[in-house]
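Data first, discussion second: the structure below is written as structure tokens.
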Amino acid sequence: MKQIFGRRKASKTADKELVGGRRHAVLNQQSGSGVADLSGQQQVLSGTGHTYGSGNCMGFQESRINDALFSSYFRPLRSIKDVPNTEKQNLLIIKLNMCCILFDFSDPTKNIKEKKIKMETLMEILDYVKTANTKFPEIVVEGITKMISANLFRTLVIPPREKKVLQAFDLEEDEPLMDPAWPHLHIVYELLLNFVQSAETDAKLAKRYVDHSFILRLLELFDSEDLRERDYLKMVLHRIYGKFMVYRPFIRKAINNVFYQFIYETEKHNGIAELLEILGSIINGFALPLKEEHKLFLVRTIIPLHKARCISMYHRQLSYCITQFVEKDGKLADTIIRGIIKYWPVTNSPKEVLFLGELEEILEATQPSEFQKCMVPVFCQVARCFNSSHFQVAERALFLWNNDRVESLIRQNSKAILPIILPALEKNINEHWNPAVQSLSLNVQKLFSDREPELFAECVLKYEEDKVREEELKLKQAAAWKRLDEIASAKVTCGEAVLVSPTLPRQPSGV
């Protein structure tokens, strides 16, 4: 009789622990199926094969689950709203542990029932976080961050492509990969976003689990092919930057390292645009005067991002960051413009069009005193763009005169600028194949001639004199080559070496 009553008592005690949902409640079977507690191992279902953790208490190991046994235990639990307040927290922990179990989404026919239960549970947890009206205790913070880490931190699937850097520019046209697990992932991201920005999340407590490792793993996910995931990551990282002030220098440095790897090693990363968008908001909030580390970041990281072939994928965000720096500190305009000219494309016409558009935005924000420092290299480059055989490049350069702010700067410094661009304008008018480019060049030339006829006449005269000297030099060079050819022809039959004293001074290669 004692044995029978002892068994019944033990059974009732076990049931009570299961329903009450104590922190370390575990559904253990000898096959290894069940729900892991906070200090235990993460469970993996149907060969997902990749599990990662983060934070101080988040080391997970891979294990396999027997599907048949698992199905009998992975069943809906009572709603958190339906249990007494004293049991809500314990039930929440059980549900968080249950959601740490991963599924194989590559096969939509597997574990359909369990996937549905998990999705409903995730939605319930999300609702709990959204409607919370008291501070989250540490056990809940630990459980939420553990569950988020288990689901998000994974090996990204990269489609098979040629691993040649030269083909990086063509990645814009590749079809992005859509993660089949997104129906669950987007709920987890929404949960993380709400958890971070919730007023009930204590930053001092949460930073024990949302730590450096957690942030670095988030940054790794920015390389995801799925645009939807990158959008969520952008919002989450921005909220973390705002809530955890102690992490701000670390986040900036970590983003900087991602850019370094992209610029100097791979030239392949899917999340550069999103990271630059975050930086645009960060730069906008920089205090004045700018710190030296921020200026170094501009020179060593932001400006070199112009060298990548796939710049069109993130140029809009990059241009915004650049103009933010100019607006913060006008003295940086010269450094920025010279840096862009350094990376000016030679054979990539679409990239040249982007650079001209960015140059116009920078010049709009540039003060006249700073403009004078860089106007010579700027309009030397613009003049080269005038003569581009690609009509869109030539047109975009000539459209600078349609911008009132830029045209005003040019007008104030026409004595220095007109002699630089006049030869290019004359060449376009007389030789360019595109009628629209010829017409625009004529219009720009007419602006100068109508506004400052004396300066224009002086520049035209100098241009004609330079042209005559250039023709004379070409004739002298042709005569020298002809004489060399005659001497060589006369001595070729006797096998003598030909030695001729130079009669013309060596000219620079640019002449």
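If you read the sequence from its start, that first residue is 1, and numbering goes on from there.
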Criterion side chain to side chain donor-acceptor pair (under 3.5 Å) on S213 and D211, from CA distance to verdict: CA-CA 5 Å; S213 175; D211 57 3; 4.7 Å; no

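- Shown here for V246 and P249, the closest heavy-atom pair between the two residues is O-CD, 3.8 Å.
- A ring-centre distance under 6.0 Å is not found for H186 and Y232.
- Using a 4.5 Å cut-off on side-chain heavy atoms (C-beta onward), L288 and D329 make no contact.
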R300 and Y260: CA distance, side-chain angles, deciding distance, side chain to side chain donor-acceptor pair (under 3.5 Å) verdict: CA-CA 9 Å; R300 295 178 180 177; Y260 278 155; 5.2 Å; no

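- Atom CG of L290 and atom CG of L298 lie 9.0 Å apart (nearest 0.5 Å).
- For A254 against L216, the heavy-atom pair with the smallest separation is CB-CD2, 4.0 Å.
- Using modelled atom types, one finds no donor on one side chain facing an acceptor on the other under 3.5 Å when comparing K118 with N111.
- Counted within 6.0 Å of CE on M119, heavy atoms from surrounding residues, nucleotides or ligands total more than 12; the atom is thus considered enclosed.
- Annotation: side chain of R396 is in contact with side chain of F399 (closest heavy-atom distance under 4.5 Å).
- Taking CG of D202 as the reference point, atom NZ of K207 lies at 9.5 Å (rounded to 0.5 Å).
- Nearest heavy atoms, K243 versus V196: CD-O, 2.7 Å.
- Between the side chains of Y189 and R228, not a single donor N or O lies within less than 3.5 Å of an accepting N or O.
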I340/L359 under side chain to side chain contact (heavy atoms under 4.5 Å, CB included): CA gap, chis, key distance, verdict: CA-CA 8 Å; I340 292 175; L359 180 62; 5.9 Å; no

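- Summarising the local packing, CZ of R405 is surrounded by more than 12 heavy atoms from other residues, nucleotides or ligands at distances under 6.0 Å.
- Sparse packing is recorded around NZ of K342, with 12 or fewer heavy atoms of other residues, nucleotides or ligands lying under 6.0 Å away.
- The shortest side-chain heavy-atom distance between M147 and L122 falls under the 4.5 Å cut-off.
- Here the closest non-hydrogen pair linking A394 and S388 is CB-O, 4.1 Å.
- With no hydrogens or angles considered, no side-chain donor-acceptor pair links D226 and S224 at under 3.5 Å.
- In this structure, L363 CG and N403 CG are separated by 8.5 Å, a value rounded to the nearest 0.5 Å.
- With hydrogens and angles disregarded, no donor-acceptor distance shorter than 3.5 Å links the side chain of R217 to the backbone of L221.
- Judged by distance alone, the side chain of K328 and the main-chain N or O of N284 form a donor-acceptor pair under 3.5 Å.
- In this structure, the ring of H294 has its center no less than 6.0 angstrom from the ring center of F325.
- Both tests pass for K115 against the ring of F105: distance under 6.0 Å to the centre and angle within 45° of the axis.
- A salt bridge is absent between D223 and R230; no separation between the charged side-chain nitrogens and carboxylate oxygens falls under 4.0 Å.
- In summary, R252 and E293 engage in a salt bridge, as defined by a charged side-chain N under 4.0 Å from a carboxylate O.
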Trace of the side chain to side chain contact (heavy atoms under 4.5 Å, CB included) decision for S281 with H238: CA-CA 9 Å; S281 298; H238 199 186; 3.6 Å; yes

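- Counted by atom type alone, E361 and Y320 present zero donor-acceptor pairs between their side chains at under 3.5 Å.
- The distance from atom CD of Q324 to atom OG of S319, rounded to the nearest 0.5 Å, is 10.5 Å.
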Full working for side chain to side chain contact (heavy atoms under 4.5 Å, CB included) between K116 and E120: CA-CA 6 Å; K116 182 180 179 182; E120 292 171 351; 3.3 Å; yes

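- Salt bridge K373/E370: present, at least one basic N to carboxylate O contact under 4.0 Å.
- Scanning both residues, P304 and V299, for their nearest heavy atoms gives CD-O, 3.2 Å.
- Ring centroid separation for the pair H306 and F355 comes in under the 6.0 Å cut-off.
- Between atom CG of residue L305 and atom CD1 of residue I263 there is a gap of 4.0 Å, rounded to the nearest 0.5 Å.
- Remark: the Q412 side chain and the S408 side chain contain an N/O donor-acceptor pair separated by less than 3.5 Å.
- Using a 3.5 Å distance cut-off with no hydrogens or angles, the side chains of S106 and D104 do pair a donor with an acceptor.
- Donor-acceptor pairing under 3.5 Å is lacking for the side chains of Q261 and T266.
- Side-chain contact between Y209 and E138 is present, with heavy atoms from C-beta onward closer than 4.5 Å.
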V406 vs W401, side chain to side chain contact (heavy atoms under 4.5 Å, CB included): CA-CA, chis, key distance, verdict: CA-CA 7 Å; V406 176; W401 272 259; over 6 Å; no

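- Nearest heavy atoms, C100 versus N151: CA-ND2, 4.4 Å.
- Side-chain contact, E124 with S79: a donor N or O sits under 3.5 Å from an acceptor N or O.
- The aromatic ring centroids of F153 and F214 lie less than 6.0 Å from each other.
- Between the side chains of Y314 and E274, no donor-acceptor pair is found at a separation under 3.5 Å.
- Judged by distance alone, with hydrogens and angles left aside, the side-chain atoms of K351 form a donor-acceptor pair with the main-chain N or O of K307 at under 3.5 Å.
- Judged purely by distance below 3.5 Å, without hydrogens or angles, the side chains of W182 and E229 never pair a donor atom with an acceptor atom.
- Residue E364 holds its CD atom at 10.0 Å from CG of L409, rounded to the nearest 0.5 Å.
- You'll find the ring centres of H269 and F259 outside the 6.0 Å limit.
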